[in-house]
Amino acid sequence: MDRFRMIFQYFQTNSESVTNGICGLLALASVKIYTSFEFNCPCLAKYNMAYGLGIMFIPPVALFLCGLIVNRQFMVMLEEWKRPTGDRKKNLAIIRYMCSSVLQRAMIAPVVWIIVTLLDGKCFVCAFSISIDPDKFPDFATNITSYDEVQRLLSKVPCKDDALWRNNTSRKAISRYIRCWSQALGWSILLTLIVIAFLARSLRPCFDQAAFFQTRYWSSYIDMEQKIFDETCCEHARDFAHKCILHFFESMQKQIRLRRFNTCTEDKEGKEEEEDHLRGITSEEQMNKVLQSWYYSKPPLDLNRATQRQFVSTERTPLPLGGSMSNQWNTVTKQTDV
């Protein structure tokens, strides 16, 4: 049990590493899927290009969406972009940094798929066989003069077992020619990406590192703040549910505490601690207003006590939509005491 708990904590505290690992697994999965996929070109002039380009680009779109789904930072970025300003200003540099990080990871698997298909060449041959100039291959259509017949014969290039190519020696030459272009394009894309990554790594120190560190820090802060908020909400919800159940089974409180929950103690300190944890929340409406307040007006990033006291004093109105989470707990507690 302790091992599972350690693994769970690792996934919570190292979400960036876990996301990188998942994106890498998606890239490996894309290669495995393509190698196990049996490619069969329709060998029809009207459908070859649609089928070849579809196999080349539609799976990368699905892999890109999967990369966005598994990346937790994608939802954090959207929430930060769409949230109301409230008491905390939005920093567009942080949103751009998070967007760049999300897109870079999500693009790994699609790029791998496209490069693998280009290096293999089957999709490229299927898609562009009908676009070849027959004049480049003198022995191709010596006895064929009709344009439609030439197009029909070119569409059969990916199908080496077709009856039209049994007595024609130009099919291999056409297929090899198109595959060379496909592999050249694949290696060019791969080399371009490597050069871009090298330049990005090498030229980064030439820019303002202080601004980069600040942006990276606050993007990590936003992610961590959301995690801690979710964990705190789960703990609060558990205590709230515990109190509601104990209140419902008021005549069975003693047995429930001893047999099932084993978290509440009979001493006064335990009761006071639990009441303090709930912060005086006693109804669904109060909790909804507190959560609404957190969404519409997140607290400013300032831990100065004087600032916090001044902020609390200006937010004395009943359940405002501004202020920090702790301020809302205190406000609700005072209202329930009254």
Side-chain angles (χ1 to χ4, degrees), residues 4-35 37 55-86 88-117 189-190 192-201 203-204 207 209 211-234 291 294-295 298 301:
F4 288 108
R5 187 178 301 172
M6 292 175 61
I7 294 173
F8 180 72
Q9 291 177 353
Y10 175 82
F11 279 109
Q12 281 187 324
T13 57
N14 298 273
S15 59
E16 185 174 352
S17 301
V18 172
T19 303
N20 292 337
I22 293 175
C23 292
L25 290 176
L26 279 176
L28 294 177
S30 66
V31 177
K32 182 65 178 177
I33 291 172
Y34 181 79
T35 54
F37 171 72
I55 295 298
M56 192 180 299
F57 293 108
I58 291 179
V61 174
L63 291 171
F64 177 75
L65 296 178
C66 290
L68 295 179
I69 292 172
V70 301
N71 196 336
R72 182 181 178 278
Q73 200 173 23
F74 174 65
M75 294 304 300
V76 176
M77 178 198 68
L78 291 181
E79 290 175 1
E80 179 66 16
W81 179 42
K82 296 296 293 183
R83 70 170 177 85
T85 303
R88 185 189 301 179
K89 296 181 180 179
K90 296 182 183 180
N91 192 337
L92 295 180
I94 298 175
I95 298 176
R96 286 194 298 267
Y97 176 84
M98 298 174 70
C99 181
S100 174
S101 177
V102 169
L103 292 179
Q104 287 176 15
R105 292 182 175 89
M107 287 295 295
I108 294 175
V111 169
V112 170
W113 176 279
I114 292 174
I115 291 177
V116 169
T117 56
I189 293 175
L190 182 61
T192 302
L193 293 175
I194 293 174
V195 171
I196 292 175
F198 172 77
L199 292 177
R201 286 283 187 176
L203 298 179
R204 179 182 293 178
F207 296 95
Q209 288 297 296
F212 172 75
F213 289 147
Q214 291 172 357
T215 304
R216 184 173 182 178
Y217 174 85
W218 289 115
S219 65
S220 300
Y221 171 85
I222 293 173
D223 188 17
M224 189 59 64
E225 182 188 54
Q226 186 63 39
K227 288 181 182 178
I228 296 175
F229 181 79
D230 293 339
E231 293 173 1
T232 306
C233 285
C234 289
L291 295 175
W294 170 264
Y295 173 75
K298 287 191 175 181
L301 301 177

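Note that the numbering runs from 1 along the sequence shown for the chain.
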Flag side-chain contact, heavy atom, 4.5 Å: Pro59 against Thr117: no
Which distance, rounded to the nearest 0.5 Å, do you find between the CZ of Arg204 and the CG of Leu199? 12.5 Å
Does a side-chain heavy-atom distance below 4.5 Å link Leu28 with Lys32? no
Under the criterion side-chain contact (heavy atoms from CB on, under 4.5 Å), which of Ile95, Asp223, Asn91 is the partner of Glu80? Ile95
Those residues that, when tested against Tyr295, pass side-chain hydrogen bond (donor to acceptor under 3.5 Å, both in side chains) (two or more places apart): none
With sequence neighbours left out, write down each residue that passes ring-ring contact (aromatic ring centres under 6.0 Å, His included) with Tyr221, or none if nothing qualifies. Trp218
Checking side-chain contact (heavy atoms from CB on, under 4.5 Å) for the pair Thr215/Phe212: CA distance, chi angles, key distance, verdict? CA-CA 5 Å; Thr215 304; Phe212 172 75; 5.8 Å; no
Please say whether more than 12 non-hydrogen atoms of neighbouring residues, nucleotides or ligands are located less than 6.0 Å from CZ in Phe37. yes
Hey, is the main chain of Met107 close enough, under 3.5 Å, to the side chain of Arg105 for a donor-acceptor pair? no
To the nearest 0.5 Å, atom CH2 of Trp113 lies from atom CG of Leu26 at 12.5 Å
Check: Ile115 and Ile189 side chains under 4.5 Å, non-hydrogen atoms: yes
From Ile222 atom CD1 to Tyr217 atom OH, the distance as rounded to the nearest 0.5 Å: 11.0 Å
Separation of Lys90 NZ from Lys298 NZ (nearest 0.5 Å): 10.0 Å
Hey, mind stepping through Gln226 and Met75 against side-chain contact (heavy atoms from CB on, under 4.5 Å) and telling me if it holds? CA-CA 11 Å; Gln226 186 63 39; Met75 294 304 300; over 6 Å; no
Between Ser101 and Met98 (side chain of the first, backbone of the second, donor and acceptor by atom type, cut-off under 3.5 Å), is there such a pair? no
Please enumerate all residues that pass side-chain hydrogen bond (donor to acceptor under 3.5 Å, both in side chains) together with Arg88, with sequence neighbours excluded. Glu225
Here the gap from Leu25 atom CG to Ser30 atom OG, rounded to the nearest 0.5 Å, amounts to 11.0 Å
Please check: side-chain N/O of Thr232 versus main-chain N/O of Ile228, any donor-acceptor pairing under 3.5 Å? yes
